[in-house]
Structure formats: C-alpha cells, structure tokens
Amino acid sequence: LRAVWNQCAKVGVAFPIDASQRTRVTLSIYSADVGLICSKVEESTTQFGKHVVLWDGKDSNGRLVASGIYVYLIVSEEKEYKGKIAVVRQ
C-alpha cells in the first residue's frame with residue numbers, strides 16, 4: 001500500500017485500497033506510543049476496483065497532529081492494510 005499526499009488540499013493523505021465488492025472500511029491512526037489518534041468508518045462507493053480512504057491529518061478532536069511517525073491500520077471486510085506514515089509540519 002502506498003499512501004499519497006493530497007496536493008490539492010495541502011493537508012491530508014489518500015490511502016488507495018482494492019475492493020472486489022462494496023465494503024465498509026475502517027481507518028485507524030495511532031501515535032508512535034500506540035495511542036489511538038483517530039478512527040473513521042467509510043462505505044466504499046464502488047462495487048469493485050480502487051477505493052481511496054482519506055485522512056485529513058487531524059486527530060479525533062479536529063486538531064492537526066504534530067510532526068512524527070504514525071501507524072495506520074485500514075480494515076475492510078476482505079483485507080487489512082497497515083504501515084507507517086511520517087507527518088512533517090513546517
């Protein structure tokens with residue numbers, strides 16, 4: 001899985017996933033000390049193919065997260081994706 005920076009919004013990350021059917025997708029973002037930063041649930045809009053899960057770089061209270069390394073977990077009915085993402089604030 002390759003996360004993509006959202007250049008248009010200047011804030012956010014797009015996580016592309018594959019779906020063979022319409023599915024519920026949960027994105028969870030954790031801080032380096034494994035504290036849950038935010039969690040969101042989306043329904044895929046397509047029956048199959050590529051679906052993009054967006055994260056706006058904010059915690060569950062709507063505040064931008066600090067620079068650091070975060071762990072993401074994306075769970076669908078078919079598959080699980082996980083990895084790390086670096087957030088760099090200037």
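Values below: all heavy atoms of this structure, side chains included; hydrogens, waters and symmetry mates excluded. We count residues from 1, following the sequence as given.
The OG atom of Ser28 lies 11.0 Å from the CD1 atom of Ile37; values are rounded to the nearest 0.5 Å. Atom CD1 in Ile74 sits 10.0 Å away from atom NZ in Lys40 (nearest 0.5 Å). Rounding to the nearest 0.5 Å places CD1 of Ile29 at 7.0 Å from CD1 of Ile85.
Aromatic rings of Tyr72 and Phe15 (six-membered ring for Trp) have centroids within the 6.0 Å cut-off, being under it.
Applying the side chain to side chain donor-acceptor pair (under 3.5 Å) rule to Lys84 yields no partners; only residues at least two apart in sequence or on another chain are considered. Checked against side chain to side chain contact (heavy atoms under 4.5 Å, CB included), Val87 has the following partners two or more places apart in sequence or in another chain: Trp55, Val65, Tyr70, Arg89. Listed by chain and residue number, nothing satisfies the side chain to side chain donor-acceptor pair (under 3.5 Å) test with Ser76 (two or more places apart in sequence, or in another chain). Applying the side chain to side chain donor-acceptor pair (under 3.5 Å) rule to Ser60 yields no partners; only residues at least two apart in sequence or on another chain are considered.
A donor-acceptor contact shorter than 3.5 Å is absent between the side chain of Lys79 and the backbone of Ile17.
Between Thr26 and Ser39 the shortest side-chain heavy-atom distance falls below 4.5 Å.
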Checking Leu73 against Glu80 for the side chain to side chain contact (heavy atoms under 4.5 Å, CB included) test, could you report, in this order, the C-alpha distance in whole Å, the side-chain angles of both residues, the deciding distance, and whether it holds?
CA-CA 7 Å; Leu73 175 62; Glu80 190 173 281; 3.5 Å; yes
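Applying the salt bridge (charged side-chain N to carboxylate O under 4.0 Å, His left out) test to pairs two or more places apart or on separate chains, those with a residue in residues 62-74 are Asp59-Arg63.
In the hydrophobic clustering of this structure, Leu36 groups with Val71; members are Ile, Leu, Val, Met, Phe, Trp, Tyr whose side-chain heavy atoms approach within less than 4.5 Å, directly or through other members.
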